[in-house]
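Reminder, nothing fancy here: chain letters follow the sequence lines and each chain counts from 1.
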Amino acid sequence: MPPAALDVPSVGDGIAPNVEAIVARNPDLVVLYASTANTAAGERLASVGVRTMTLAMDRLEHVPAAAQALGEAVGAQTAADSLAAWFTRGLDSARTAPRPAAPPRVVILTWDRPPIVIGGGSFQHELLTLAGAENVFGDLPQPSAQVAIETIAARNPDLVVLLDGDPNPAWADRPEWQVVPAVRQRRFVTVRGTEFARPTPRALGAVRRLRTLLDSVAR
Amino acid sequence: MGDLIFEARGASYRYPGARVDALADVHLAVPAGALVGIVGPNGCGKTTLLGLLLGTRRPTAGTALALGRPASEWRRRDLARRVAVVAQREEPTFPLRVRDAVSLGRYPHVGPYRPFAEADHAAVQAALERADALHLADRWTQTLSGGEWQRVRIARALAQAPEVLVLDEATANLDLRHEMETFELVTDLVRSQGLTGVLVTHHVNLVARFVDVLAVIDGGHVVAAGPPAEVLRRDIVERVFAWPVEITDWRGVPQIVPLMKRGEMAGRAEEQRGNAAARQHEQGAQHGRDGQRGSEDQRG
Amino acid sequence: MKRWPVLLGLAVLALAAGVAVGPADLSLHQVARALGGNGDTATLAIVRDLRLPRTLLAFLVGGSLAVTGAVLQALVRNPLADPYLLGLSGGAGLGAVAAIALGVVGSWGVPLAAAAGALAAIVLVYRLAVVADAVLDTRVLLLAGVVVGSFAAALVGAILALSPAEGLRSALLWLLGGFDGASWTALGIFAVYATVPLALLVRESRMLDLLSLGEEPARFLGADVEPLKRRLYLAASLLTAAAVAVSGIIGFVGLVIPHAVRVLWGARHGSLLPSAFLLGGSLLAAADAVARTAFAPLSLPVGVVTAIVGVPVFAVLVRRWAT
């Protein structure tokens, strides 16, 4: 997180926030994540006269749109436009960057029991693809999905990307996981940081870091 | 004098938290081979007394013996091989075939593991026949009428091949025919096979015609015990049941005829009203102390 | 209906289906060869190290849950009783979530914490239900189970709301139950452990027949009711806690299978318990096969499948029984 963000007091979760705590700080503008769980909070804030806006932040393409919407809302269009343009350019150049002849086949695993993997509907799938890898579960439309270990074993990824930053997770010792060769041989790529947890302008940096990591594993 | 099957010697029982005894200083003896009736109004302590004699309650004072031993010290399985009880009420949680329900009566004999032998199956069959329940053998218990279910439980008790048969209000749901048949069956078993029978019932007139000894319980005491002809006296019955009666005679057995307070009370109205009021007052005081009252009331 | 051929046939079918099908696209021929030790490494691993232990574990857990449900229904004389009713699911959930929130590590950390939570709930419920003179009041037992379960669920809610730990919501997925943790190791541990309480419960079959009549009639037919109730409660609870540790919480099997067997073949426990074991095992093994295959590559929580398959069947049986 940027240091400036750490100085901002917390008023609770991003989903189903504590409306009273927000109103007590008398904000000029409340930005809500676009989720049905936030609809009630948005309505209540609006009903007490607090200005609110909702932003969808699920895919990388949402980042420039959100920047522009925010810029407009706070009167910083110029900065917002330039950020959006920079991000879109960066995204395009990542898309057109040369891809390896045989991109590594990767699974992003977010939970072990039950196994939960990242599917094609997630921005993390986009990060992976932009970094020049192939998500073995990219065919799933869901952002994330519960699958069986057998499915992972059958799709036989070259690498496992772990998002919680633990390079030696305890579950990897369990016997049932040894059936997946990438787990048995500990071919893990571990990343950490909020840029891998939500789509932000720093996603471009995340793509670069991921690419470097994948390259180093592939030697 | 023969052995005693049950004996209460100065037995008292007080329910946890109660302030008075539900049973106080009860003396009662049930000799082997006898048919004994226990009668009394609702909440008098009949069920509590039975609990002491059958060892499910431990007397708070005095002793209650079953087959010569403190009743609560019997291993349940050993006692169940010798004493069968048909309780007032029992709802099966899950349906059983009638034959299976009756075969539970063999469990005290076969124990937890021994497979049923030919003799066990034969005992079940004989019990079904004796209790007039053979035609029900393949029915599910939950499809039986109240009277049929009662007969199945009597059959189960017979399958226990007991020395002692205790019926606790077991005929309350039966029609006249099956009630008489049950009493005759028990009497027959006592007279011809040397069993001992204990019948707890409200139906004083019926039971008086069968039993050797009638014990009248009231207010936690045995107020009279002996042959029905000695016990069913007008003064005792009126005091215990708080209702005016006449005693008539049917072939040497006293029978109670409850009087209607209108028109049949010539010459004794004053006396009776006073008595009744006193009794009702006394009964009211019992409500609080006898934990069995609720169930007896519902049946009443 | 002939009971044992039907039940054994179902068991064989369910076990065969569990090994034969799965998200990995293997032909029956490949599976059969892999069982005989032939085939490529990946196929061998999938069939012998994933499908086989997983299906067997599902069968054992399903059988154990069905037996436990039958016993608890007789113990509390309530047809709605199921293995998790007595506060176990709440305790297990609290154990699992607390372990994740506190960062407990080790490949068995979360399952063991869940089992510990279930055991704590068992002890607490038992203490609450023992009234004067060490009498276990089964009505209080039911109430105490519900109360302890609700209290634990409230604590789980508080931890979820307040803890910054990542992955807590996924812990709840774990609780929904499944056999993704199945391995020969897990199967071996569960099989050895479960044998003891299962044997204890089956030993009491005839006493359970008596207890189903009510405590008073059971006494008059020779049951030592108080020690019996304690043994049954502890064996059933310990078995359920082990099932929670290997597979989370799988509803429906323990509630419905005993009733289905009673409707079809009667309530005598000597045959009810083995029948429930076979039928519960078959249902759960087959349900797990469906859960990982029906929408492959996606997996369903196995409890969803048991309910979708079992509820309509149960409804038909209950109707037949009522008429």
K.L.:
So which atom in B/G105 and which in C/L221 form the shortest heavy-atom distance, rounded to 0.1 Å?
P.N.:
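Nearest heavy atoms, B/G105 then C/L221: CA-CD2, 4.0 Å.
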
K.L.:
Mind checking the CZ-CZ spacing from C/R268 to B/F94? Nearest 0.5 Å is all I need.
P.N.:
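The distance works out to 16.0 Å.
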
K.L.:
What's the verdict on side chain to side chain contact (heavy atoms under 4.5 Å, CB included) for C/R206 and B/L104, showing C-alpha distance, side-chain angles and the deciding distance?
P.N.:
CA-CA 8 Å; C/R206 283 184 179 164; B/L104 301 187; over 6 Å; no

K.L.:
With sequence neighbours left out, what residues match B/T196 under side-chain hydrogen bond (donor to acceptor under 3.5 Å, both in side chains)?
P.N.:
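Here no residue qualifies.
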
K.L.:
Write down the atom of B/W140, the atom of C/W265, and the distance for their closest heavy-atom approach.
P.N.:
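Minimum heavy-atom contact is CH2-C, 4.4 Å.
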
K.L.:
So how far is it from C/F220 CZ to B/R156 CZ, rounded to the nearest 0.5 Å?
P.N.:
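The distance works out to 11.0 Å.
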
K.L.:
If we define contacts as heavy-atom pairs under 4.5 Å, which of B/R75, B/R97, B/R81, B/E90 has the most with chain C?
P.N.:
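Of the candidates given, the most pairs with chain C belong to B/E90.
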
K.L.:
Would you compute the distance between atom CZ of C/R77 and atom CD of B/E91 and round it to the nearest 0.5 angstrom?
P.N.:
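Between C/R77 CZ and B/E91 CD, I get 8.5 Å after rounding to 0.5 Å.
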
K.L.:
Mark yes or no for whether C/S212, through its side chain, and B/T93, through its backbone, hold a donor-acceptor pair below 3.5 Å.
P.N.:
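No: the side chain of C/S212 does not pair with the backbone of B/T93.
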
K.L.:
Between C/E204 and chain B, which part of the residue has a heavy atom less than 4.5 Å away: side chain, backbone, both or neither?
P.N.:
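When you check distances to chain B, no heavy atom of C/E204 falls under 4.5 Å.
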
K.L.:
With rounding to the nearest 0.5 Å, note down the distance linking CZ in B/R76 to CG in C/D224.
P.N.:
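Result: 8.0 Å between the selected atoms.
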
K.L.:
Could you grab the distance from atom CG of C/L210 to atom OH of B/Y107, nearest 0.5 Å is fine?
P.N.:
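Reported value, rounded in 0.5 Å steps: 6.5 Å.
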
K.L.:
Taking C-beta and beyond as the side chain, do B/R153 and C/P217 meet within less than 4.5 Å on heavy atoms?
P.N.:
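With C-beta onward as the side chain, the pair stays apart.
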
K.L.:
What distance separates C/E216 CD from B/T56 OG1, expressed to the nearest 0.5 Å?
P.N.:
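Spacing of CD (C/E216) from OG1 (B/T56) equals 5.0 Å.
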
